[in-house]
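A, B, ... follow the sequence lines: proteins, then strands. Residue 1 opens every chain.
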There are 2 protein chains.
Amino acid sequence: MKNRIKELREQKGLTQEQLGKLIGTSRQAINAIETEKFEPSIWIAYDIAQAFGCAIEEVFLFEESTKKSRAEISRRDHNGNS
Amino acid sequence: MKNRIKELREQKGLTQEQLGKLIGTSRQAINAIETEKFEPSIWIAYDIAQAFGCAIEEVFLFEESTKKSRAEISRRDHNGNS
DNA sequence: ATATAAAGTAATGTTAACCTTACTTTAATT
DNA sequence: AATTAAAGTAAGGTTAACATTACTTTATAT
């Protein structure tokens, strides 16, 4: 999902590692979320937003993103939907 | 995590099943999240909030909740932090 | 009392979001 | 050119958030 982590992170002069430590997660997790490799858990999303003094929706851009939720895929697999 | 799903859902006159269908997830997932059996994924959290016309933080009460994140547990296990 | 809707719960299976370790690439500095 | 910090990436392992199916409990209404 699209996000503004890099923008907000650099605004605060933080490295991925520093942000990770700040919220208690790994540097790689920050990197993967920032580069849209995977979706954040709700707590990590919240903690990141908090670190920037933002609401979750200000950091993670749901509307501009496409979700490939497991639910959809699973449902498609099971009942032959497009 | 604490949430206001039941309150908001009943305000809209929706059953768990109807809410599930509305956002494309299972009745059981709605139930489990509503009764705090597990944490919602960020997309389900967003979809539920959208269904109620709320921000995620208005539906899910992070501040009043305690997070038992895998990260914390894992890190404690590995390097003996308190 | 019985039928039905809604909610709760449980078992089983899959998957992706993490973790750690470790290697590579890029960019900046000297 | 060489060093170093930061970012990127990958492999392997664990776990929890789902899905599905199915059974039980709790209203509510007839």
I need the [atom1]-[atom2] distance between [X] and [N], as an integer number of Å.
X: Glu17(A); N: dG8(D); atom1: CD; atom2: C1'; result: 14 Å
X: Ile5(B); N: dA7(C); atom1: CD1; atom2: P; result: 12 Å
X: Ile33(A); N: dA16(C); atom1: CD1; atom2: P; result: 15 Å
X: Ile44(A); N: dT15(D); atom1: CD1; atom2: C1'; result: 14 Å
X: Glu34(B); N: dC18(D); atom1: CD; atom2: P; result: 14 Å
X: Ile23(A); N: dA17(C); atom1: CD1; atom2: P; result: 15 Å
X: Phe38(B); N: dA10(C); atom1: CZ; atom2: C1'; result: 13 Å

Do any side-chain nitrogens or oxygens of [X] fall under 4.0 Å of OP1 or OP2 in [N]?
X: Asn31(B); N: dG8(C); result: yes
X: Thr15(B); N: dA5(C); result: no
X: Ser26(B); N: dA19(D); result: yes
X: Thr25(A); N: dC19(C); result: yes
X: Ser41(A); N: dA17(C); result: no

Partners passing ring pair (Phe, Tyr, Trp, His ring centres under 6.0 Å) against Phe62(B) (at least two apart in sequence or in another chain):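 With sequence neighbours excluded, Phe62(B) shows a ring pair (Phe, Tyr, Trp, His ring centres under 6.0 Å) to Trp43(A), Tyr46(A), given in chain and number order.
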
Single hit among Arg4(A), Lys2(A), Arg9(A) for salt bridge (charged side-chain N to carboxylate O under 4.0 Å, His left out) with Glu34(A):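 Single salt bridge (charged side-chain N to carboxylate O under 4.0 Å, His left out) partner of Glu34(A) among Arg4(A), Lys2(A), Arg9(A): Arg9(A).
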
Angle between terminal axes - the helix from dA1(C)-dT30(D) to dT30(C)-dA1(D), 5 pairs each end, rounded to 10°: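 Rounded value for the end-axis angle: 40°.
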
hydrophobic_cluster_shared for Phe38(A) and Ile5(A), side chain cutoff 4.5 Å: yes

[X] side chain, from C-beta outward: closest of [options]:
X: Gln28(A); options: dA17(C), dC19(C), dT20(C); answer: dT20(C)
X: Glu39(A); options: dC18(D), dA7(C), dA17(C); answer: dA17(C)
X: Lys37(B); options: dT9(C), dC18(C), dA7(C); answer: dT9(C)

Annotated protein contacts, base or backbone, on nucleotides 23-30 of chain D with a non-hydrogen cut-off under 4.0 Å, one of B, S, - each: --------

